[in-house]
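If you read the sequence from its start, that first residue is 1, and numbering goes on from there. Only a predicted model underlies this, so the values are computations on that prediction, with no experimental measurement involved.
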Amino acid sequence: MRNETWLACGLALALAAPADGVDGVVEINQASALAGGITPGDAPGFPVTLSATGSYRLTSNLSPGAAIGALGIEIAADSVSIDLNAFAIIGTNVCTGFPVTSCSGPNGNGVSQSAATFGARVMNGTIRGMGNGLSLRSTARVSGVLAIGNSNYGILVGPFSAVVDSVAAGNGGRGIEALGDSIVRGNEVHANGGDGIRVDARFLVSNNNVYLNGDAGISLDTPGLARENVVTQNNWKTNQPNLVLGGIKVWNVTAGSRALLSANVMTDNRLANLVGGGVFETDGTNVCGSALC
C-alpha cells in the first residue's frame with residue numbers, strides 16, 4: 001500500500017512539473033502554461049514567463065485567450081531559444097483587407113522580451129492573431145517563423161539582429177521592422193497594412209519577396225545595402241491614396257552616409273518604384289518597371 005501511495009504521489013508531481021526533454025530542452029504546452037512553474041516566477045496561465053537562460057520547445061499550440069492584452073510568452077532572461085516546433089501561438093485578433101486595412105481584438109504580443117535582456121532566438125512555427133507577432137530586443141535571431149494576421153507588426157527586432165527565411169503577411173502594421181545593424185534576408189512579406197520591411201541604419205536587406213503591402217515595400221534608413229529584392233505592387237491600401245511611397249523608399253540619407261541599391265526588381269508599385277529622401281546610390285543593375293534605374 002505504501003509503495004502504491006509513493007507511486008501515485010510521484011506520478012502527480014511528474015505531471016505537474018515542466019517536461020525536460022532528454023536533450024535538456026524544456027517542453028511547453030497548453031497544459032503546462034496553464035499550470036505555471038515552467039521557470040521560477042512563472043505564474044499559472046499566460047504569459048508563460050521564461051526567467052532562465054536555456055532552450056525551450058513547444059509540444060502543442062498555445063492559446064492565450066481573449067483577455068485584454070493577453071500575452072503568449074514573455075522572455076525575461078538573456079539567451080533564450082524558443083523552438084515553436086511547427087506549432088502556433090494563436091490569439092483572437094482578426095484583420096481584414098488585402099492589404100490589411102483594419103484589425104480588431106484585444107490580444108498582446110505573441111512573444112515579448114523584457115527591456116533588460118538580449119539574445120533571444122525564435123524559430124520554426126506560427127504566430128497569428130496577436131498584437132505584435134514577435135517583439136524582441138537586441139541581438140535577436142528569427143528564422144522560419146510565420147507571423148500572420150497580427151494587429152500590429154508581424155516581426156519586430158532590436159539592433160544587431162537577423163530575420164531570415166520567414167513570412168510576415170496580413171499584419172495590421174509593418175511586416176518586419178529591424179533596428180540598426182540588422183540583416184533581413186530571404187523573407188516573404190505581403191499584404192501588410194504598413195511597410196513591408198522597415199530597417200534602420202547599417203542594414204543588409206537581401207533576397208526578399210515584398211508585394212501588395214499598404215505602404216512602402218521596403219523603407220530604408222542609411223547607411224546600408226539593399227540587393228536582389230523583388231518589390232512589386234506596394235502602396236495599395238485604398239485609404240492612403242496620397243502617400244508617395246511604392247517600391248523602395250530611401251530616407252534620411254546624407255552625402256557621408258550612403259545607401260546602395262543593387263540588382264533589385266521594382267515593378268507595378270503605386271505612385272513610385274523608387275523614392276529618395278536624400279543622397280543614395282544605385283549601381284545601374286536595378287530594374288524599375290521595364291528600365292534599368
Side-chain angles (χ1 to χ4, degrees), residues 8-93 105-143 145 147 150-161 179:
C9 291
L11 179 59
L13 288 171
L15 290 175
D20 291 350
V22 294
D23 52 0
V25 177
V26 178
E27 295 182 342
I28 304 171
N29 55 39
Q30 184 75 4
S32 65
L34 295 176
I38 291 173
T39 62
D42 175 42
F46 289 92
V48 174
T49 300
L50 304 181
S51 62
T53 296
S55 184
Y56 301 85
R57 179 171 58 221
L58 296 193
T59 58
S60 79
N61 294 333
L62 298 183
S63 298
I68 294 175
L71 299 169
I73 296 175
E74 176 73 16
I75 298 172
D78 298 333
S79 303
V80 166
S81 178
I82 302 173
D83 183 357
L84 299 174
N85 195 29
F87 290 104
I89 300 174
I90 304 170
T92 59
N93 292 341
N107 283 116
N109 300 330
V111 180
S112 289
Q113 186 175 7
S114 300
T117 62
F118 63 90
R121 183 179 181 187
V122 182
M123 68 198 92
N124 303 334
T126 300
I127 302 175
R128 63 179 172 86
M130 300 296 295
N132 294 314
L134 296 178
S135 182
L136 305 178
R137 301 290 178 170
S138 67
T139 58
R141 295 293 182 269
V142 178
S143 60
V145 169
N150 299 290
S151 63
N152 198 12
Y153 294 176
I155 299 171
L156 173 63
V157 295
F160 313 109
S161 296
L179 299 184

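A side chain to side chain donor-acceptor pair (under 3.5 Å) check over residues 126-135, counting only residues at least two apart or in different chains, returns the pairs Asn109-Asn132, Asn132-Asn152.
Residues forming a side-chain contact (heavy atoms from CB on, under 4.5 Å) with Pro64 (at least two apart in sequence, or on another chain): Phe46, Ala70, Ile89, Met130. Checked against side chain to side chain donor-acceptor pair (under 3.5 Å), Thr53 has no partners two or more places apart in sequence or in another chain. Partners of Ala52 according to the side-chain contact (heavy atoms from CB on, under 4.5 Å) rule, which considers only residues two or more places apart in sequence or in another chain, are Thr39, Tyr56. Not counting sequence neighbours, Ser60 has no partner by the side chain to side chain donor-acceptor pair (under 3.5 Å) test. With sequence neighbours left out, Thr117 forms a side chain to side chain donor-acceptor pair (under 3.5 Å) with Gln113.
To the nearest 0.5 Å, atoms CD (Glu74) and OG (Ser51) are separated by 11.0 Å. Interatomic distance, Ile28 CD1 to Leu62 CG, rounded to the nearest 0.5 Å: 7.0 Å. We find the CD-CD1 distance between Glu27 and Ile38 to be 11.0 Å, quoted to the nearest 0.5 Å. Within the model, atoms CG of Leu134 and CD1 of Ile127 stand 4.0 Å from one another, a figure rounded to the nearest 0.5 Å.
Of all heavy-atom pairs spanning Gly154 and Ala147, the tightest one is O-CB, 3.5 Å. Of all non-hydrogen atoms in Ala140 and Val157, the two that sit nearest each other are CB-CG1, 4.1 Å. Closest heavy-atom contact between Ser161 and Gly158: OG-O, 2.8 Å. Residues Ile75 and Leu136 approach most closely at CD1-CD2, 4.3 Å, considering heavy atoms. Here the shortest heavy-atom pairing between Ala33 and Val48 reads CB-CG2, 3.5 Å.
Checked by atom type and distance alone, the side chain of Asn124 never pairs as donor or acceptor with a backbone atom of Asn85 at under 3.5 Å. Between the side chain of Asn29 and the backbone N or O of Leu58 there is no donor-acceptor pair closer than 3.5 Å. When atom types are taken as modelled, the side chain of Asn93 and the backbone of Asn107 share a donor-acceptor pair closer than 3.5 angstrom.
Residues Gln30 and Ser63 are in side-chain contact: their nearest non-hydrogen atoms beyond the backbone lie under 4.5 Å apart. Side-chain contact between Ile82 and Ile73 is present, with at least one heavy-atom pair separated by less than 4.5 Å.
Counting heavy-atom neighbours within 6.0 Å of Phe87 CZ, excluding the residue itself, gives a total above 12. Within a 6.0 Å radius of CZ in Arg141, other residues, nucleotides and ligands contribute more than 12 heavy atoms.
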*Could you please spell out the steps behind the side-chain contact (heavy atoms from CB on, under 4.5 Å) verdict for Met123 and Ser81?*
CA-CA 8 Å; Met123 68 198 92; Ser81 178; 3.2 Å; yes
